[in-house]
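Beneath this line is the structure, given in structure tokens, with notes to follow.
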2 protein chains.
Amino acid sequence: MFSSTVENYLKAILVHGEGSGGEVMPMGALAEALDVSPGTVTTMVKALAGQGLLAHRPREGVKLTKAGRAAAAAVLRKHRLVETFLVTTLKMDWAGVHEEAEALEHAVSDRVLERIDELLGHPTVDPHGDPIPSAKGEMAGPGGASSSRLTLASCELKTQWSVARIRDQTPAFLNFIRDTGLKPGARVRVTRRDPAGGVVCCEVKGAGEAVIGLGEAGNIEVRK
Amino acid sequence: MFSSTVENYLKAILVHGEGSGGEVMPMGALAEALDVSPGTVTTMVKALAGQGLLAHRPREGVKLTKAGRAAAAAVLRKHRLVETFLVTTLKMDWAGVHEEAEALEHAVSDRVLERIDELLGHPTVDPHGDPIPSAKGEMAGPGGASSSRLTLASCELKTQWSVARIRDQTPAFLNFIRDTGLKPGARVRVTRRDPAGGVVCCEVKGAGEAVIGLGEAGNIEVRK
DNA sequence: AAATCAATTTTGATTGATCAAAATAATGTG
DNA sequence: CACATTATTTTGATCAATCAAAATTGATTT
Ligand SMILES: [Mn+2]
Ligand SMILES: [Mn+2]
Ligand SMILES: [Mn+2]
Ligand SMILES: [Mn+2]
């Protein structure tokens, strides 16, 4: 249906909105996200707007149309289900799965995805804790409604929390997360927080003590 | 490394050789296999020859070089392992897996393939009975040495045979094969063969009687 | 208001992959 | 051998996706 290139454009706009409440995405941000030149984005965006997939507000940015959002959600669903599959079924190191999924999301058919979803038992979040859009394209309120976006930098001390999502998904940080056991689902209790020294200490259920920078702690969302 | 297009060219030449003992593949056959125009093939072949992936004998055809064969074997390995995975792990209908694998073979990385191979227990043939090249690119003698290429049209009567490979891999024929139970691995005994009427009757272990045309029977290879 | 700056758009060009149609070469037929 | 047939190659063009560099625009300073 759509080329890999088009799918990547649409998905990038959707995930941008996920982080920053559905506003228009500036052309520069899109160019950055896709690692292409600004001029390329302008050209491409005009073509996609012509196809009714997105609205171009010149000198302002882009916004997905209904059709564009549906297509983007389908790609994002593939991406996140594939990531989950790679980690759960194929036992791959989760620091690398994003890159793999970046290619597979364009090659996995709806029929194959269907089977993967089934095999995994219809998961609702991926290994990083990001929500998996439903087959109908519904996104479980990601940046918005659900939780109040607490993190290890802001949650109450000495209470049991559950790691919900890792914001910084660079391989290096993900490896650190793996090593400390602070993966989504892990139960954690912040024992001490020192804003002056910029250090957060916590107790990870089943994985012992973990010390982490305050800024980094702000990239680990918790819940409950 | 190589584009999907290049991978498809190389694989097509390799599988052609599989069927017809390693000779040069005529340009027309390649155009046919890839469903592109002859002129496109000429252009592309000259480019690939320039990259040392194949040898172009003008007005004659193409032949893979060492490097080309290695690359082609890697793609074919991906294709066949993916097919096996789709059937075995994802329980997909085997009549459709070829098409799926045609796309996935270009998106599955070596690391992912590694895990799939592991998960499947290092299979040596795909669901159609075609040999899966090894990780080093070695092809288990496909059209050649191994068996004497017996089929349901030529094997001895009243003996137990094992279905080894389905030559005609069109969805329609594969569906027929599924319905009769004559899949690779099935045990079968030819009870009657009528060359005049063009009919072959056989007894499929665990799936009852099956009647099949003589020509069609020649597309079902047996062994043992 | 004028000058400056950063973001965006325009312009002109390139690359990979393709096609249709014309030109050419090899092969078979009378 | 001359002609017809077929396979292959050449030619000239298109399309998607991209870039670098120049032009434009809107906003921010002075
Ligand atoms: Mn992608
Ligand atoms: Mn993810
Ligand atoms: Mn393919
Ligand atoms: Mn196969």
Side-chain angles (χ1 to χ4, degrees), chain A residues 1-14 16-17 19-20 23-64 67-68 71-72 75 102-103 105-107, chain B residues 1-14 16-17 19-20 23-64 67-68 71-72 75 102-103 105-107:
Chain A
M1 195 59 166
F2 302 113
S3 69
S4 299
T5 301
V6 169
E7 292 188 339
N8 283 334
Y9 273 77
L10 298 177
K11 179 171 61 101
I13 300 169
L14 182 66
H16 174 85
S20 39
E23 278 321 292
V24 298
M25 182 176 194
M27 307 302 266
L30 190 47
E32 175 79 13
L34 296 167
D35 195 34
V36 295
S37 77
T40 299
V41 166
T42 299
T43 308
M44 195 68 194
V45 156
K46 287 204 287 191
L48 296 187
Q51 298 210 10
L53 293 168
L54 42 81
H56 181 203
R57 318 271 266 309
R59 308 262 154 198
E60 246 262 74
V62 277
K63 203 160 133 17
L64 292 169
V75 179
E102 203 54 56
E105 65 192 357
H106 312 294
Chain B
M1 194 60 168
F2 301 113
S3 69
S4 299
T5 301
V6 169
E7 291 188 338
N8 283 334
Y9 273 76
L10 298 177
K11 179 171 63 102
I13 300 169
L14 182 65
H16 174 87
S20 40
E23 277 321 293
V24 297
M25 182 177 195
M27 306 300 267
L30 189 47
E32 175 79 13
L34 296 167
D35 195 34
V36 295
S37 77
T40 299
V41 166
T42 299
T43 308
M44 196 67 194
V45 156
K46 288 204 285 193
L48 297 186
Q51 297 198 208
L53 293 168
L54 43 80
H56 181 203
R57 317 270 267 306
R59 306 263 155 193
E60 248 259 76
V62 277
K63 204 162 135 15
L64 292 168
V75 179
E102 203 54 56
E105 66 192 355
H106 312 293

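We name chains A, B, ... by the order of the sequence lines, and we start the count at 1 in each one.
- Applying the side-chain contact (heavy atoms from CB on, under 4.5 Å) test to B:Arg59 and every residue at least two apart in sequence or in another chain returns nothing.
- Considering only heavy atoms from C-beta on, B:Thr5 comes within 4.5 Å of B:Met44 through its side chain.
- Note: CG (A:Leu34) to C1' (D:dA17) measures 12 Å, nearest angstrom.
- The separation between B:Leu30 atom CG and D:dT9 atom P is 11 Å, rounded to whole Å.
- The nearest whole Å value for the distance from the CZ atom in B:Phe2 to the P atom in C:dA17 is 12 Å.
- You'll find the side chain of B:Pro26 reaches within 4.5 Å of the side chain of B:His16, heavy atoms only.
- Residue A:Glu60 contributes atom CD, which lies 10 Å from atom P of C:dT9 at whole-angstrom precision.
- Going from atom CG of B:Asp35 over to atom P of C:dC19 covers 8 Å, rounded to whole Å.
- Atom-to-atom, NE2 of B:His106 to P of C:dA17 comes out at 12 Å; the value is rounded to the nearest Å.
- If you take CZ of A:Arg57 and C1' of D:dG26, they are 16 Å apart, rounded to a whole angstrom.
- Using a 4.5 Å cut-off on side-chain heavy atoms (C-beta onward), A:His106 and A:Asn8 make contact.
- Within residues 36-46 of chain A, the residues having any heavy atom under 4.0 Å from DNA chain C are, by residue number, A:Pro38, A:Gly39, A:Thr42, A:Lys46.
- Side-chain atoms of A:Glu102 and A:Ser4, non-hydrogen and from C-beta on, never get closer than 4.5 Å to each other.
- Atom C1' of nucleotide C:dT9 and atom CZ of A:Arg59 are separated by 5 Å, given to the nearest angstrom.
- Look at A:His56 and you'll find a side-chain N or O under 4.0 angstrom from OP1 or OP2 of C:dT9.
- Neither OP1 nor OP2 of C:dG16 sits under 4.0 Å from any side-chain N or O of B:Thr5.
- Distances shown here put every side-chain N or O of B:Tyr9 at or beyond 4.0 Å from the OP1 or OP2 atom of C:dG16.
- Between A:Val36 and A:Tyr9, the closest side-chain pair of non-hydrogen atoms falls below 4.5 Å.
- The side-chain heavy atoms of B:Val75 and B:Leu10, taken from C-beta on, include no pair separated by under 4.5 Å.
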